[in-house]
Amino acid sequence: QVQLVESGGGLVQAGGSLRLSCAASGRTFSSYAMGWFRQPPGMEREFVAAISRSGVNSYYADSVLGRFSISRDSAKNTVYLQMNSLKPEDTAVYYCAAAQPPLYRSNNYYTRPNEYDFWGQGTQVTASS
């Protein structure tokens, strides 16, 4: 199993930036694809971004494409979410998650929360207008 801890959330004005971090325990970090999800107030959890085990491929929700960027640092066992041009609708609790994708997977594999085995506790992001 892997333990995930998010950090970096906070309150910013619309148009500002934040960088979220997700630190993973253990020595098998590189075996997991990593994803970010968010849950706005009163709404369901939704996919934000994901990155493959190798870090070669990344995936984004249409709502954040061009504004957010996911990356990973294997030496630090950490995945990041750089968030630029934040909007009020980005306000949510952001969760980091780890998945073990099979060799064969559907095109929307990384967007489904139930594909992820481990989750962090979440960090609050608020973008005020």
Side-chain angles (χ1 to χ4, degrees):
Q1 298 185 2
V2 61
Q3 185 77 22
L4 305 175
V5 180
E6 302 97 334
S7 63
L11 174 64
V12 298
Q13 293 184 358
S17 298
L18 282 174
R19 190 191 195 198
L20 304 184
S21 298
C22 174
S25 65
R27 59 181 182 178
T28 60
F29 174 72
S30 62
S31 298
Y32 295 91
M34 303 296 296
W36 287 97
F37 291 78
R38 67 187 183 186
Q39 187 167 7
M43 301 179 66
E44 295 293 320
R45 182 171 50 189
E46 64 181 7
F47 170 75
V48 177
I51 189 167
S52 63
R53 289 171 292 179
S54 66
V56 171
N57 298 316
S58 58
Y59 310 86
Y60 298 94
D62 290 341
S63 59
V64 306
L65 189 65
R67 298 188 298 119
F68 291 10
S69 179
I70 189 171
S71 61
R72 64 192 300 162
D73 186 335
S74 60
K76 296 182 177 180
N77 283 356
T78 301
V79 63
Y80 304 95
L81 184 68
Q82 178 67 46
M83 305 184 295
N84 299 323
S85 301
L86 283 162
K87 304 175 180 179
E89 52 263 44
D90 295 319
T91 295
V93 177
Y94 283 70
Y95 297 92
C96 176
Q100 296 176 297
L103 181 62
Y104 174 79
R105 66 191 75 93
S106 61
N107 290 335
N108 63 348
Y109 171 87
Y110 293 103
T111 71
R112 299 193 295 266
N114 60 3
E115 300 291 355
Y116 292 79
D117 300 311
F118 307 106
W119 294 82
Q121 295 298 312
T123 185
Q124 177 70 47
V125 171
T126 302
S128 62
S129 60

Let me confirm one number: the [atom1]-[atom2] distance from [X] to [Y], rounded to the nearest 0.5 Å.
X	Y	atom1	atom2	result
R105	E115	CZ	CD	10.5 Å
S63	E89	OG	CD	8.5 Å
T78	M34	OG1	CE	9.0 Å
L86	S129	CG	OG	13.0 Å

Problem - Test side chain to side chain contact (heavy atoms under 4.5 Å, CB included) applied to Y110 and S52, step by step - result: CA-CA 9 Å; Y110 293 103; S52 63; 4.3 Å; yes
Handout entry: Residue N107 excluded, over 12 heavy atoms near CG under 6.0 Å
Key =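 No, because the 6.0 Å sphere around CG of N107 holds 12 heavy atoms or fewer from other groups.
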Practice task
May I ask you to check whether over 12 heavy atoms, not counting those of D62, lie within 6.0 Å of atom CG?
Solution key: no
Answer whether the closest heavy-atom distance between the side chains of [X] and [Y] falls below 4.5 Å.
X	Y	value
R53	P101	yes
V64	R38	yes
M83	V125	yes
F118	C96	no
E46	F37	no

In one Ile/Leu/Val/Met/Phe/Trp/Tyr side-chain cluster, 4.5 Å: [X], [Y]:
X	Y	value
Y94	I70	yes
V79	Y109	no
L65	L81	yes

Exercise for the section: Return yes if some donor-acceptor pair links the side-chain N/O of T123 with the main-chain N/O of G9 below 3.5 Å, else return no. Expected result: yes
Practice task
Please confirm whether F47 and Y59 have ring centers closer than 6.0 angstrom.
Solution key: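 No.
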Handout entry: side-chain contact (heavy atoms from CB on, under 4.5 Å) partner of F68, the single match among V48, L20, L18
Key =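 When V48, L20, L18 are each tested with F68, the side-chain contact (heavy atoms from CB on, under 4.5 Å) holds only for V48.
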What heavy-atom pair brings [X] and [Y] nearest, and what distance separates the two atoms?
X	Y	value
R112	Y116	O-CD1, 3.4 Å
V2	A98	CG1-CB, 4.1 Å
T126	Q124	OG1-NE2, 3.3 Å
Y95	E6	CA-OE2, 3.3 Å
R72	A33	NH1-CA, 4.1 Å
W119	P113	CZ2-O, 3.3 Å

